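What you see is a predicted model, and the numbers here were worked out from it, not measured in a lab.
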Amino acid sequence: MSIYALGDKLLTDKDLQVDRTNYFRNSSLEIQTGKLRSDGTLWIFDYADWSNKDHVNETWTVSVFIDNSQGKAPLYIQSWSSKFGMLFGNPINTGTQGISSFTFNTGNSTAETLSDINFVIATDALKYKDLDFDVKYKQQMLEHGTLVTSWTPNPQDIQSKIQDLQNQINQLKK
């Protein structure tokens, strides 16, 4: 049996779970850019695929690649909801880039209790006052399991692109 470190926790083979299905819509390998709001957050995730059904006692990992090489404050993935409170990923310090992530368990959640969960890129707006800078990010992932895996597109995004191409082909045939 192998033992792995995940943050400050030690896990065995039976603790590790991997699904590799990305439940975030409109996630991309291409760098996207946005501005922080005055509260220090940038909304970046569309997770409709995930919150439309019950997820009882399931383990999930959320991650995002953040390019903070030109930033003015450390950035991290953050979540908040009435069910879970606030959850924070590891910080990506100024002048660096990397993946910020965290793992959580849904407990006795239903689709209704999951519908108010929000995932954002954030910084400490009380500590850092100059928040007027571009935030660059890519590869948003929400996946079943305990590990961050390499980025994959959302299956519905792929299907939507296929349908768009089919529609274009049908238009050309007319």
Side-chain angles (χ1 to χ4, degrees), residues 3-11 15-51 59-81 84-106 114 116-161 164:
I3 297 178
Y4 307 89
L6 180 64
D8 59 351
K9 298 177 186 173
L10 293 178
L11 304 172
D15 296 318
L16 299 177
Q17 304 167 15
V18 178
D19 176 348
R20 288 194 46 79
T21 300
N22 187 357
Y23 288 82
F24 279 126
R25 297 296 309 270
N26 304 312
S27 177
S28 176
L29 274 173
E30 303 297 319
I31 287 284
Q32 300 168 52
T33 303
K35 289 264 189 209
L36 289 177
R37 299 180 333 173
S38 60
D39 66 356
T41 62
L42 170 65
W43 296 71
I44 60 169
F45 295 121
D46 178 358
Y47 51 90
D49 296 10
W50 178 69
S51 63
T59 301
W60 293 82
T61 298
V62 61
S63 63
V64 63
F65 179 91
I66 300 171
D67 179 351
N68 200 14
S69 54
Q70 303 298 315
K72 298 177 183 176
L75 299 170
Y76 45 83
I77 184 71
Q78 175 184 320
S79 168
W80 70 89
S81 73
F84 303 113
M86 297 195 76
L87 301 169
F88 300 92
N90 52 299
I92 306 301
N93 292 318
T94 56
T96 66
Q97 56 186 2
I99 294 176
S100 180
S101 67
F102 63 85
T103 299
F104 63 101
N105 187 285
T106 57
L114 291 174
D116 80 333
I117 193 168
N118 300 295
F119 297 105
V120 298
I121 291 177
T123 193
D124 184 345
L126 298 176
K127 185 174 181 182
Y128 299 96
K129 300 300 181 198
D130 184 8
L131 299 178
D132 185 26
F133 63 94
D134 288 335
V135 175
K136 297 179 180 179
Y137 62 95
K138 64 181 180 178
Q139 301 173 348
Q140 308 94 301
M141 289 275 289
L142 174 65
E143 54 192 316
H144 223 176
T146 56
L147 297 177
V148 173
T149 62
S150 57
W151 181 84
T152 58
N154 176 287
Q156 288 184 341
D157 289 345
I158 294 171
Q159 192 59 43
S160 177
K161 287 180 182 181
D164 289 347

Kindly write out the residues that satisfy ring pair (Phe, Tyr, Trp, His ring centres under 6.0 Å) with Phe88, not counting sequence neighbours, or none if the list is empty.
-> Tyr76

Across all chains, not counting sequence neighbours, the side-chain hydrogen bond (donor to acceptor under 3.5 Å, both in side chains) partners of Thr61 are Thr103

What pairs with Asp39 under salt bridge (charged side-chain N to carboxylate O under 4.0 Å, His left out), at least two apart in sequence or on another chain?
-> Arg37

Would you call Leu75 and Ser100 a side-chain contact if the rule is heavy atoms closer than 4.5 Å?
-> no

Those residues that, when tested against Asn90, pass side-chain hydrogen bond (donor to acceptor under 3.5 Å, both in side chains) (two or more places apart) | none

Can you name the residues that form a salt bridge (charged side-chain N to carboxylate O under 4.0 Å, His left out) with Lys129, not counting sequence neighbours?
-> none

Set of side-chain hydrogen bond (donor to acceptor under 3.5 Å, both in side chains) partners for Asp130, sequence neighbours left out | Lys72

Residues two or more places apart in sequence or in another chain: which of them pass salt bridge (charged side-chain N to carboxylate O under 4.0 Å, His left out) with Asp164?
-> none

Residues in ring pair (Phe, Tyr, Trp, His ring centres under 6.0 Å) with Phe65, at least two apart?
-> none

Which residues satisfy the side-chain contact (heavy atoms from CB on, under 4.5 Å) test with Lys35, sequence neighbours excluded?
-> Asp132, Asp134

Sequence-distant partners of Asp67, salt bridge (charged side-chain N to carboxylate O under 4.0 Å, His left out), two or more places apart = none

Looking at residues at least two apart in the chain, or sitting in another chain, which of them share a side-chain contact (heavy atoms from CB on, under 4.5 Å) with Leu87?
-> Ser79, Phe84, Phe102, Phe104

Does Asn154 reach the main-chain N or O of Asn22 with its side chain, forming a donor-acceptor pair under 3.5 Å?
-> yes

Of all residues at least two apart in sequence or in a different chain, which pass the side-chain hydrogen bond (donor to acceptor under 3.5 Å, both in side chains) check with Thr123?
-> none

